[in-house]
Amino acid sequence: MALLLRLPTICPPSRHSLHLHSTTRNTMALNSPKHYTSITTTANNRKLPILLFDIMDTIVRDPFYHHVPAFFGMSMKELLECKHPTAWLEFEKGTIDEVELARKFFKDGRSFDLEGLKNCMKRGYSYIDGVEELLHVLKTNNYEMHAFTNYPTWCEMIEDKLIVSRYMSWTFCSFKTGKRKPDPDFYLDALKHLEVDPANCIFVDDRMKNVEAAIAVGIVGLHFKNAETLRQDLSLMGIDVSG
Ligand SMILES: Nc1c(NC[C@H](O)[C@H](O)[C@H](O)COP(=O)(O)O)[nH]c(=O)[nH]c1=O
Ligand SMILES: [Mg+2]
């Protein structure tokens with residue numbers, strides 16, 4: 001089983017605590033650290049828990065680690081040595097656009113074929129094995145799902161190719177919010193937007209530090225390893241993953 005991270009049964013109040021949304025009734029059992037004994041709905045028939053998904057290397061393969069070095073004819077080590085240290089992060093936060101990214105992608109300001117890089121990224125995007133099938137089941141079983149991703153406007157290229165919106169909304173994207181995981185404010189803003197108690201959200205991410213940040217604000221955190229262990233973890237928590 002993939003590592004399952006959960007706050008103590010009842011999350012201790014912190015300055016970040018949010019109040020239970022007033023329309024919530026019969027909330028999930030809080031007396032078991034590892035299993036929700038009931039799936040609940042709110043007064044407006046909202047099914048709980050809400051599922052929040054990291055995208056890169058949780059739902060979609062990140063082309064950065066193989067396709068991009070190959071595109072530049074470099075090893076990853078060589079690429080990291082000559083890349084600008086913050087340009088990509090700025091692009092992810094939406095503070096620069098892709099033209100500016102291209103201008104400062106390399107520390108020495110050398111130019112490159114931006115359209116070629118974008119096509120390379122597009123070719124590289126694919127669902128991680130077994131994930132789309134799991135999303136399909138969760139969608140069929142009426143779970144509310146949202147993307148929660150550090151990624152630039154190129155989310156649109158992912159959407160164009162994989163139509164992730166069939167399964168979840170592109171609600172929480174760093175390029176729109178200007179915040180990146182593991183910034184606690186990114187998670188707190190999401191809870192405020194969703195008007196939901198953090199214990200009624202499950203967050204799934206391949207990076208442990210992002211999972212830990214979710215847990216720190218009271219969200220249930222699952223560390224993604226692969227689709228099968230995620231299915232098992234969700235099932236153990238009482239989520240209906242039957243097809
Ligand atoms: N530095 C560049 C990256 N890096 C990969 C990113 O870390 C990744 O795409 C993203 O931040 C994933 O975040 P999450 O934790 O999965 O939400 N990728 C590029 O394509 N180009 C870069 O220059
Ligand atoms: Mg990721």
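All heavy atoms count here, side chains included; hydrogens, waters and symmetry mates do not. When a ligand or atom number is given, it counts from 1 through the structure's own listing order. Keep in mind that this is a model prediction, so the values were computed, not measured.
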For atom 6 (C) of ligand 1, the option (of W88, F53, F172) bearing the nearest heavy atom: W88
query: Given F53 and F224, is the ring-ring contact (aromatic ring centres under 6.0 Å, His included) satisfied, shown in steps?
result: CA-CA 10 Å; F53 287 98; F224 179 81; 8.7 Å; no
- prompt: Of all the non-hydrogen atoms in the protein, which one sits nearest to atom 23 (O) of ligand 1, and at what distance?
  reply: K83 NZ, 2.8 Å
query: Any side-chain heavy atom of M76 sitting closer than 4.5 Å to one from L80?
result: yes
field: Residue-ligand contact F91/ligand 1, heavy atom below 4.0 Å
entry: no
task: Output the list of atoms in ligand 1 that are nearer than 4.0 Å to some heavy atom of Y151, sorted by atom number.
output: 9 (O)
message: Please determine whether D62 has a backbone or side-chain N, O or S atom lying under 2.8 Å from the Mg ion (ligand 2).
response: no
task: Report the member of T149, V60, D54 with the shortest heavy-atom distance to atom 14 (P) of ligand 1.
output: D54
- prompt: At under 4.0 Å between heavy atoms, which part of D57 makes contact with ligand 1: side chain, backbone, both or neither?
  reply: neither
statement: Among non-hydrogen protein atoms, atom 11 (O) of ligand 1 lies closest to E92 OE2, 2.6 Å
Heavy-atom side-chain proximity of Y125 to M56 below 4.5 angstrom: yes
task: Look at atom 17 (O) of ligand 1 and find which of H84, R180, M56, K181 reaches it with the closest heavy atom.
output: K181
query: H146 vs F172 aromatic rings, parallel, tilted or perpendicular, using cut-offs 30° and 60°?
result: tilted
query: Is D97 close to T153 at the side-chain level, that is, under 4.5 Å between some pair of heavy atoms?
result: no
message: In this structure, would I59 and V137 fall into the same cluster of hydrophobic residues linked by side-chain contacts under 4.5 Å?
response: no
- line: Taking only non-hydrogen atoms of N210 and a 4.0 Å limit, the atoms of ligand 1 in range are 15 (O)
message: Test of understanding: given a 4.0 Å heavy-atom threshold, classify the contact between F148 and ligand 1 as side chain, backbone, both, or neither.
response: neither
- line: Numbered in order shown, the ligand 1 atoms found under 4.0 Å of a heavy atom of Y65 are 5 (C), 7 (O)
- line: heavy-atom search around atom 18 (N) of ligand 1 in the protein gives F64 CG, 3.2 Å
- prompt: In D54, the N, O or S atom nearest to the Mg ion (ligand 2) is which?
  reply: OD2
- request: Give the intermediate values and the outcome of side-chain contact (heavy atoms from CB on, under 4.5 Å) for residues K181 and F203.
  value: CA-CA 12 Å; K181 299 170 286 184; F203 170 78; 3.8 Å; yes
message: For I219 and L191: C-alpha separation, side-chain torsions, deciding distance, then whether side-chain contact (heavy atoms from CB on, under 4.5 Å) applies.
response: CA-CA 9 Å; I219 294 171; L191 292 169; 4.0 Å; yes
field: Stepwise side chain to side chain donor-acceptor pair (under 3.5 Å) test for S165 and E159
entry: CA-CA 7 Å; S165 62; E159 173 63 14; 2.4 Å; yes
message: Using side chain to side chain donor-acceptor pair (under 3.5 Å), reason through D206 and T58 one step at a time and then give a plain yes or no.
response: CA-CA 6 Å; D206 64 300; T58 297; 3.2 Å; yes
field: Under 4.0 Å to a heavy atom of M121 - the qualifying atoms of ligand 1, by number
entry: 20 (O)
message: Report the atom name of the nearest N/O/S atom of D206 relative to the Mg ion (ligand 2).
response: OD1
query: Looking at the Mg ion (ligand 2), is one of the N, O or S atoms of D57 less than 2.8 Å from it?
result: no
message: Any non-hydrogen side-chain atom of E81 less than 4.5 Å from a side-chain atom of M74?
response: no
field: Nearest-neighbour protein heavy atom for atom 7 (O) of ligand 1, which is reported as residue plus atom name and distance
entry: R207 NH2, 3.1 Å
field: atom 9 (O) of ligand 1 [closest protein heavy-atom partner, distance rounded to 0.1 Å]
entry: D62 OD2, 2.8 Å
message: Within the 4.5 Å heavy-atom criterion, are C155 and K176 side-chain neighbours or not?
response: no
- request: Could you tell me whether any N, O or S atom belonging to M56 is less than 2.8 Å from the Mg ion (ligand 2)?
  value: yes
